[in-house]
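Here's the structure we're looking at; comments come further down.
For clarity, every value in this text was computed on a predicted model and none was experimentally measured.
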Amino acid sequence: MQANDFETEMYTEKEMQTVEKHIEKYYGKFKEVFHELVSPDIHVDICIIPPAKKRNYYILTTMGMGAHKMNVPEELKGENLERAELMIALPPDWKINDPDECNYWPIRLLKNVARLPVSANTWVGWGHTVDNQEPYAENTSLCGALLIDPEVGLPGGNVLTLPCGEDVNFYQIIPLYREEMDYKLTNGASALLEIMENIVSFVVEIDRPNASESYIEGELGFCALTMDDVKYHMESIDEKKLPVDPINAYNHLAVYLRWFIEHDMLSDMFRENFSEIINGVRENLGEPDKMPDLRLLLDGNALKGRLMLTYFDHEGAEFTEWYYGNGEETAHFYPCDVDGYAEKYFGTDRYNSDEFSDEAYLFVPWNEEYYKGLSKVIDEKYAMWKAESNFE
């Protein structure tokens with residue numbers, strides 16, 4: 001059904017009872033509901049779940065958004081993502097019944113996001129952001145919204161099954177600052193959640209710290225997410241006036257990234273954004289000359305020359321933290337292995353000569369032999385890590 005049909009989509013009475021029971025079971029009992037008076041497309045009520053003994057915050061949740069089946073992409077059909085309800089958590093002193101926009105905006109936000117799939121014939125789900133273009137109210141600079149799995153309620157409450165057998169997914173809205181929105185668009189939802197982890201509450205705070213600013217100032221340990229940055233290697237080339245192509249600064253980073261592509265240890269964010277590159281690598285393993293040059297990918301605006309934990313899945317990130325040692329030179333430090341390969345390639349005497357100004361790794365030719373040599377070293381360190389960590 002399109003939004004311009006002006007026929008209100010609503011749960012059946014039995015479906016509504018199922019939704020109400022689910023909300024009360026997993027999120028809390030409610031007596032107050034903001035009933036919608038005019039509903040041109042879907043009927044969106046807002047349940048007000050008050051603070052309780054063990055929950056010192058309000059939960060506001062939509063009830064009615066899931067009556068509409070969203071237009072999910074073809075490749076996601078069959079994943080039961082067509083129906084959703086939304087929620088937001090507010091502090092216990094929030095003036096829930098105050099019509100002033102400084103207090104009403106979370107309700108407006110829930111309603112606007114609930115209607116977006118209808119008005120735009122689209123869908124919303126985990127990791128999606130919605131831009132308000134301007135602050136929600138004059139007393140806050142929050143101006144965007146991120147959808148995540150609920151941080152509130154009991155386990156199992158994120159999905160309910162309607163009598164018809166179809167699922168309704170519950171997502172929690174986390175309001176964002178402009179800089180956080182921009183960061184997410186560049187790095188993905190998982191990376192944003194990483195830098196927000198120690199600074200942002202799942203309960204709305206109108207003047208909370210900006211996670212993006214903390215990242216920029218280096219206060220968060222976001223730098224720990226960046227395992228390598230090409231700028232350090234570029235600096236060596238510039239300062240020492242090395243006679244090498246600057247693209248060589250990306251060589252060992254590209255080897256590392258290709259190893260993870262070949263071993264299928266990538267994050268969902270990386271897969272989603274670089275599926276064409278990933279397929280290009282995997283489809284041309286026997287013909288490396290046809291393979292995309294990962295150095296160019298790393299040099300682009302998307303990756304900005306960085307090798308980050310957020311590119312990898314859980315196992316890949318755990319291994320990378322161990323292997324890069326967060327910058328500590330240990331027996332399992334990838335840059336040391338890169339240097340070791342250069343010494344083996346050139347021989348110890350030439351490696352230590354003035355020819356390379358202590359940067360011999362930048363002079364190793366970029367070819368398939370280089371990849372296979374370093375890949376074998378990574379294989380060995382991966383096996384060592386698996387034996388030490390008992391990762392499963």
(message) Any carboxylate oxygen within less than 4.0 angstrom of a Lys/Arg side-chain nitrogen, looking at K290 and E287?
(response) yes

(message) If you define the side chain from C-beta out and look only at heavy atoms, does anything of I96 sit under 4.5 Å from L60?
(response) yes

(message) When you compare the side chain of Y382 with that of D379, does any pair of heavy atoms fall below 4.5 Å?
(response) no

(message) Take a 6.0 Å sphere around CG of D98 and say whether it holds more than 12 heavy atoms from other residues, nucleotides or ligands.
(response) yes

(request) Measure the acute angle between the ring planes of Y256 and F260, then classify it against the limits of 30° and 60° as parallel, tilted or perpendicular. (result) tilted

(request) Would you give the length of the straight line joining atom CG of N121 to atom CG of N71, rounded to the nearest 0.5 angstrom? (result) 4.5 Å

(request) Find out whether Y171 and M87 are in side-chain contact, i.e. whether some heavy atom of one side chain is under 4.5 Å from a heavy atom of the other. (result) no

(request) For residues M16 and T12, determine if any side-chain heavy atom of one lies less than 4.5 Å from a side-chain heavy atom of the other. (result) no

(message) Less than 4.5 Å apart, side chain to side chain, heavy atoms only: is that true for Y27 and P150?
(response) yes

(request) Would you indicate whether the side-chain heavy atoms of M63 and I23 approach each other to under 4.5 Å? (result) yes

(message) Strictly distance-based, threshold 3.5 Å: is any side-chain N or O of S357 a donor or acceptor partner for the main-chain N or O of E359?
(response) no

(message) Regarding S267 and D313, do their side chains bring together a donor and an acceptor under 3.5 Å, going by distance alone?
(response) no

(message) Between E85 (side chain only) and G66 (backbone N and O only), is there a donor and an acceptor less than 3.5 Å apart?
(response) yes

(request) Give a yes or no on whether a salt bridge exists between E180 and R208, defined as a side-chain N under 4.0 angstrom from a carboxylate O. (result) yes

(request) Without swapping roles, check the side chain of S375 against the backbone of K372 for a donor-acceptor pair under 3.5 Å. (result) no

(request) Report yes if some heavy atom in the side chain of Y370 is under 4.5 Å from a heavy atom in the side chain of V255; otherwise report no. (result) yes

(message) Looking at E36 and K111, is there a salt bridge between them, counting it only when a charged N and a carboxylate O are closer than 4.0 Å?
(response) yes

(request) Evaluate whether atom NZ of K95 has more than 12 neighbouring non-hydrogen atoms of other residues, nucleotides or ligands under 6.0 angstrom away. (result) no

(message) Treating R282 as the side-chain partner and I261 as the backbone partner, does any N or O pair qualify as donor plus acceptor under 3.5 Å?
(response) yes

(message) Can you tell me if E13 has over 12 outside heavy atoms packed within less than 6.0 Å of its CD?
(response) no

(message) Between K69 and E9, does any NZ, NE, NH1 or NH2 come within less than 4.0 Å of an OD or OE carboxylate oxygen?
(response) no

(request) Keeping the roles fixed (side chain from N248, backbone from V244), state whether a donor-acceptor pair exists under 3.5 Å. (result) no

(request) Name the orientation class of the two ring planes belonging to H22 and Y26 (parallel below 30°, tilted from 30 to 60°, perpendicular beyond 60°). (result) tilted

(message) With a 4.0 Å cut-off on N to O distance, would you call D339 and K344 a salt bridge?
(response) no

(request) Taking R83 for its side chain and V168 for its backbone only, find out whether a donor-acceptor pair lies under 3.5 Å. (result) no

(request) Please check if atom CG in D358 has more than 12 non-hydrogen atoms from other residues, nucleotides or ligands closer than 6.0 Å. (result) no

(request) Using a strict 4.0 Å threshold on nitrogen-to-oxygen distance, state whether K304 and D299 make a salt bridge. (result) no

(message) One thing to verify: whether K77 and E74 come together as a salt bridge, which I'm taking to mean a side-chain N less than 4.0 angstrom from a carboxylate O.
(response) yes

(message) Could you tell me if the side chain of F270 sits less than 4.5 Å from the side chain of L257, heavy atoms only?
(response) yes

(request) Look only at the side chain of T18 and the backbone of L162, and say whether a donor-acceptor pair between them is shorter than 3.5 Å. (result) no

(message) Regarding R115 and D41, does a basic nitrogen lie under 4.0 Å from an acidic carboxylate oxygen?
(response) yes

(request) Keeping the roles fixed (side chain from H233, backbone from V230), state whether a donor-acceptor pair exists under 3.5 Å. (result) no

(message) Looking at D337 and K381, is there a salt bridge between them, counting it only when a charged N and a carboxylate O are closer than 4.0 Å?
(response) yes

(request) Say whether, by atom type as modelled, one donor and one acceptor occur between the side chain of Q172 and the main chain of F202 under 3.5 angstrom. (result) yes

(request) Indicate yes or no for a side-chain donor-acceptor contact from Y361 to the backbone of N251 under 3.5 Å, with no hydrogens or angles considered. (result) no

(request) Decide, yes or no, whether a salt bridge links K25 with E20 under the criterion of side-chain N to carboxylate O below 4.0 Å. (result) no

(request) Report yes or no: is the cationic atom of R108 (NZ for Lys, CZ for Arg) closer than 6.0 Å to the six-membered ring centre of Y136, at no more than 45° off its axis? (result) no

(request) Compute whether any side-chain donor of one residue and acceptor of the other, for Y323 and E318, lie under 3.5 angstrom apart. (result) no

